[in-house]
Amino acid sequence: MSNTSLVEKENLLEIKNLKTYYPVKGGFFRRTVGNVKAVDDVSFEIKKGETLGLVGESGCGKSTTGRTIIRLLNATDGEILFEGKDITKLRGKTLQAIRQDIQMVFQDPYASLNPMQMVGEIVAEPIKNFKNVSTKDLKEDVMDLLTKVGLPEDAYYKYAHEFSGGQRQRIGIARALALRPKLIIADEPVSALDVSVQSQVLNLLKKLQTEFDLTFLFIAHDLSVVKHMSDRIGVMYLGNMVEIADRNSMYAEPLHPYTQALISAIPMPDPRRKKERIVLEGDVPSPLNPPTGCPFHPRCPAAMAECSQVKPALKEVKPGHRVACHLY
Amino acid sequence: MSNYSIHKEAPLLEVKNLETAFNIDGEYYNAVDNVSFSVKPRQIVGVVGESGCGKSVMSLSVMQLLPKGVGKIRGGEIVFEGVHLEKMSEKEMNKIRGRDISMIFQEPMTSMNPVFTIGFQLQEVLFNHTNISKAEARQKSVALLKSVGISRPEKIVDEYPHQLSGGMRQRVMIAMAIANQPKLLIADEPTTALDVTVQAQILELLKSIQEVNDMSVIMITHDLGVVAEMCDEVIVMYAGRIVERADVDTLFYNPKHPYTELMMGAIPKMDEDKEELSSIKGIVPSLKNMPATGCRFANRCPKAMPECATITPLLGEVEQGHEVACILYEASMPKEGVKA
Ligand SMILES: Nc1ncnc2c1ncn2[C@@H]1O[C@H](COP(=O)(O)OP(=O)(O)O)[C@@H](O)[C@H]1O
Ligand SMILES: Nc1ncnc2c1ncn2[C@@H]1O[C@H](COP(=O)(O)OP(=O)(O)O)[C@@H](O)[C@H]1O
Ligand code: SF4
Ligand code: SF4
Ligand SMILES: [Mg+2]
Ligand SMILES: [Mg+2]
């Protein structure tokens, strides 16, 4: 996708200061005794037709962000704007309507596929639920979808367990496409797959993006995969968006000390490249009791006095490049 | 490490024509088929290939840890420092495991018992192979924990595995594996379940232990990045067979087997911009569905020819130190009169 055309494009999705906490219950009365601050101030926007990649290590809040956007979870605070409309608090019919426009693809396709249903029924289900179509049209549509995701037509009459991991992911993708959504949230869609199959699915997603005019929120912990797929990349750490930039600036000049460490930690498939590695000490702190100030300060090699006191805001330091760090 | 000195030395481990089979519905099928390779002292040998290609079964065969009654070594030799492991009794193997050869896994709890303290488990490993007092064993356990980068080892030694983070548990498992300074460590996907920054810590640790202890390592992984950073030599496995073997630089810059080439092109690389990745159609066949003759990669290979279905390629040397099993290369053709 060309970046020049992006400039004029409008936002499909806009997230403003999103927070999603999981209450921790305790004691005799099962009262809320604390909060897992899984998403603790995340802002970003995705333009129409764009792919925004979301990276960060396990537990940093990527899935919670995705599930909040699709309204499987309720936001604790902040706003989710879809096509300019605030969907943060929608309920009932209006929420159902939005759900047609936003679909999700999961890491473990098998867990999300009903083992008792034929693949054709699995893919047809969302259409039946939301649209009035004749049986004949429905079947034609499903067959067409199966072909478009690279499954044979006889897949229609088979069951999910008869397929390999990569093919199951194709079934999940076909179902996500069934309602012709505008936005697809793909949460670690290739993390469980071998590289050869991973590349098949990544190629497919790119092809479908053009064919179906899709916008992607692409979540993964593998930065190489995210960079391959995305126009822009957001890096999360402990519930916070710490940096966001277009893919090439993120790779060529990462600004946040955490992003720098993350990139330097990736083993490069090139034996002639010996690189300097920033090895981080310690573990990620608990989101139940996050550090004051900058969430990264206990592990940051560049931490200064103010870092433990004042939480840095995400601000634009170069055109299109935002970072939350007191160094800038 | 200079390759020159490696070539001069006798191998530490030599695997010859290994065949390991599993009983499925009353019949045995080879999960490892005619595999031969060697590991020299201080060498790190990577083993790569998609899941289901026989990497774990190959290493469990070396350790003689195949599930009893289900898996068996059907043929071949496993020679460690001149001793035939495939002929050892269970008792003799127990002496070798943990002392001369150790293994670590993706999931550290595979080697740990949740109901005992870290210290207790480390001391067990030490008592198994050395005659030391309890006090000495405790002292040594603390020192071991420290050597694998665990801070406050005096405290951790009395804790239970579940009290530790994933990365810390991995360190403890490594401490247990190296307690008796084995000559060979087999690491089966040791960092696959870890986040990338923790993986970096663990790989760094393994490398430094390998250097300090002059240990050899068999590093099983599906991550070509890990291979490029860690290994001296690489074995590529496909469907139970070795399809290519070379030093790491040759494998990455001059891969010859179609499977290796495709795998290299299938990974997205950070420093590269490419719209489409190369992909390999289909999947690794299951044991029951292996082709009876010919190249096992034939149904997925873009370069396949009619002969590929009938001629079984042998692992042959195409250049010095570079072996390939593909009939595109003369060296892989079975010799006259030799049964493939
Ligand atoms: N249902 C839940 N209840 C309580 N805590 C949760 C729940 N789901 C996730 N968490 C916690 O929220 C944090 C963020 O999790 P998640 O969004 O799954 O991260 P990621 O997808 O980046 O790995 C983690 O600390 C996780 O343990
Ligand atoms: N206990 C077992 N019983 C039957 N088949 C097995 C068993 N363990 C492994 N296999 C089969 O052996 C083949 C090689 O498996 P494995 O060595 O685990 O692959 P890898 O480690 O390369 O992913 C696979 O086809 C697998 O299904
Ligand atoms: S704000 Fe301070 S602690 Fe946080 S990343 Fe920047 S320098 Fe490091
Ligand atoms: S022997 Fe034939 S099928 Fe096998 S890898 Fe070589 S060209 Fe491909
Ligand atoms: Mg997740
Ligand atoms: Mg394995």
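Computed from heavy atoms alone, side chains included, the values below leave out hydrogens, waters and symmetry copies. Each chain gets a letter, A, B and so on, in the order the sequences are listed, and its residues count up from 1.
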Between B/H257 and B/C326, the two heavy atoms sitting closest are CD2-CB, 3.7 Å
For [X], is it the side chain, the backbone, both or neither that has a heavy atom under 4.5 Å from a heavy atom of chain B?
{"X": "A/N203", "result": "side chain"}
{"X": "A/L223", "result": "both"}
{"X": "A/V225", "result": "both"}
{"X": "A/I266", "result": "both"}
{"X": "A/Q167", "result": "neither"}

Taking B/S208's backbone N and O only, do any of them form a donor-acceptor pair with B/E211's side chain (distance below 3.5 Å, no angle check)?
no
Does the A/D194 side chain pair with the main chain of A/S196, one donor and one acceptor, at a distance under 3.5 Å?
no
Cationic N near anionic O, under 4.0 Å, B/E276 to A/K207
no
I'd like to verify something: which residue of [options] has the highest number of heavy-atom pairs under 4.5 Å with chain B?
{"options": "A/R273, A/M229, A/H228", "result": "A/H228"}
{"options": "A/G166, A/S264, A/S58, A/A252", "result": "A/S58"}
{"options": "A/D270, A/L280, A/I278", "result": "A/D270"}

Determine, for B/F37 and B/R245, whether the Lys NZ or Arg CZ falls below 6.0 Å from the six-membered ring centre while staying within 45 degrees of the axis.
no
Report the option among B/V226, B/D273, B/V284 that has the most heavy-atom pairs separated by less than 4.5 Å from atoms of chain A.
B/D273
Most contact-rich option vs chain A, by heavy-atom pairs under 4.5 angstrom, among B/Q201, B/M168, B/R300, B/K274, is B/Q201
Heavy-atom contact with chain A under 4.5 Å, split by part of [X]:
{"X": "B/M230", "answer": "neither"}
{"X": "B/S151", "answer": "neither"}
{"X": "B/I280", "answer": "both"}
{"X": "B/V227", "answer": "neither"}
{"X": "B/E204", "answer": "side chain"}

Taking the ring centre of each residue, are A/F296 and A/Y258 less than 6.0 Å apart?
yes
The test is side-chain contact (heavy atoms from CB on, under 4.5 Å); show your working for B/E323 and B/V318 and say whether it passes.
CA-CA 6 Å; B/E323 295 177 322; B/V318 289; over 6 Å; no
Is there a side-chain contact between B/V243 and B/F297, using heavy atoms and a 4.5 Å cut-off?
no
Would you say B/E244 and B/T260 are linked by a side-chain donor-acceptor pair, where the criterion is simply a distance under 3.5 Å?
yes
Consider side-chain contact (heavy atoms from CB on, under 4.5 Å). Of A/P257, A/P291, A/P285, which one does A/H297 pass it with?
A/P291
